[in-house]
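By convention here, the first residue in the shown sequence is residue 1. Counting starts at 1 for both ligands and their atoms, following the listed order.
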Amino acid sequence: MTVGIIFHGIGTPKRPLEQDEAPYWISEDQFRHVLDMIVALPDPNQIRISFDDSNVSDLEIGLPELSARGLVADFFVLTGRIGQAGSLDAPDIQTLQQQGMTIGTHGVDHLNWANLPADKLHHELTASRATLEEICGQAVTTAGIPFGAYNAAVLKALRQVGYTCAYSSDCGKMDPNAFLRPRASVQGKMTNADFRALIAGHLSVKRKLRRFIGMTRKRLT
Ligand SMILES: [Zn+2]
């Protein structure tokens, strides 16, 4: 089994933050510490590392620290922010790709896909992919679901337009061959013990039950 973890921003933000976003930013020390914990595992490849929101810290801090440890990651890009201050631009995305990283979509804008009408959802999934395919010169087939907000219609739309997998934020362990792949966010308030539990994919019995019920409900409704 694999464990998926998500980084958002590292260090000091270089753009105004959205409401409720600040807890997902971590310090450079925290970032390096989590990566060091991963490389110390018997099999570091059992951790699937993601970066959401395409902050410029992905390139400036994320890439060199990953590369120094022989790690790779999936970068889920908001195409509406490409080239804006504090966000990745097209050459940054190409650099990540050239260094062995996978580029996926996080949508055009940072929207809750579960709340969108079908046509707007279709636009988020296809326009963002077209932009990334143009930049990357190859197929883009993975999506990181913004805010982990999905329902049956979102999963169906992702499959219909040709995505091969979708990464959520349901925590716990993932089947690396499944279409829907849960991940857990690294947060600034977390302690080293929290990081260890996150990387191990540990959930209490109560949280496991809540996760099972939550994922079943979201898949079906
Ligand atoms: Zn996001």
Side-chain angles (χ1 to χ4, degrees), residues 3-27 30-31 34 47-63 66 73-90 92-93 96 101-116 120-129 131-132 135-136 140-151 153-155 157-158 161 163 165-172 174 180-190 198 214-215 218:
V3 172
I5 65 166
I6 321 169
F7 294 108
H8 292 83
I10 308 159
T12 307
K14 295 184 177 174
R15 59 170 174 79
L17 295 186
E18 292 179 43
Q19 196 183 355
D20 303 326
E21 185 187 343
Y24 295 94
W25 280 73
I26 61 171
S27 71
Q30 286 178 309
F31 177 62
V34 174
I47 309 299
R48 184 109 195 179
I49 303 168
S50 298
F51 290 75
D52 283 8
D53 300 348
S54 47
N55 292 297
V56 78
S57 58
D58 292 3
L59 181 89
E60 294 177 346
I61 305 166
L63 179 64
L66 288 168
D74 299 277
F75 289 78
F76 295 105
V77 174
L78 287 165
T79 59
R81 288 188 189 169
I82 291 174
Q84 288 184 8
S87 295
L88 298 177
D89 62 17
D92 295 340
I93 294 165
L96 289 168
M101 307 298 154
T102 303
I103 306 299
T105 188
H106 201 46
V108 179
D109 296 311
H110 206 207
L111 300 175
N112 179 328
W113 291 352
N115 286 342
L116 294 182
K120 180 69 181 155
L121 175 61
H122 187 266
H123 173 78
E124 286 291 314
L125 301 187
T126 56
S128 61
R129 181 175 58 187
T131 301
L132 291 174
I135 291 169
C136 295
V140 168
T141 62
T142 62
I145 301 171
F147 317 108
Y150 66 91
N151 55 23
V154 169
L155 298 180
L158 281 160
V161 300
Y163 284 96
C165 63
Y167 290 85
S168 70
S169 311
D170 292 304
C171 300
M174 71 159 82
L180 181 61
R181 303 180 187 179
R183 307 170 296 170
S185 288
V186 178
Q187 296 188 46
K189 68 171 185 201
M190 287 179 168
L198 192 83
M215 287 183 74
K218 285 185 278 187

Quick one: side chains of residues 6-14, donor-acceptor pairs under 3.5 Å with protein atoms, not counting sequence neighbours, listed by atom name and distance.
from: K14; atom 1: NZ; to: E60; atom 2: OE1; distance (Å): 2.9

Sum up the protein N, O or S atoms located under 2.8 Å from the Zn ion (ligand 1).
->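 Counting protein N, O and S atoms closer than 2.8 Å to the Zn ion (ligand 1) gives 3.
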State, to 0.1 Å, how close D170 and K218 come at their nearest heavy-atom pair, and which atoms those are.
->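 Closest pair (atom of D170, atom of K218, distance): OD1-NZ, 2.7 Å.
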If the plane angle is over 60° it's perpendicular, under 30° parallel, otherwise tilted; pick one for F76 and Y167.
->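 F76 and Y167: tilted rings.
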Name all residues meeting the side chain to side chain contact (heavy atoms under 4.5 Å, CB included) criterion together with P146; count only those two or more places apart in sequence or in a different chain, and write none if there are none.
->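 Once residues adjacent in sequence are excluded, the partners of P146 under the side chain to side chain contact (heavy atoms under 4.5 Å, CB included) criterion are H106, H110, W113.
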With sequence neighbours excluded, tell me which residues meet side chain to side chain contact (heavy atoms under 4.5 Å, CB included) with S128.
->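 For S128, the residues satisfying side chain to side chain contact (heavy atoms under 4.5 Å, CB included) (neighbours in sequence not counted) are T79, T105, V108, Y163.
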When you look at CZ of F147, are more than 12 heavy atoms from neighbouring residues, nucleotides or ligands closer to it than 6.0 Å?
->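 Check passes, neighbour count above 12.
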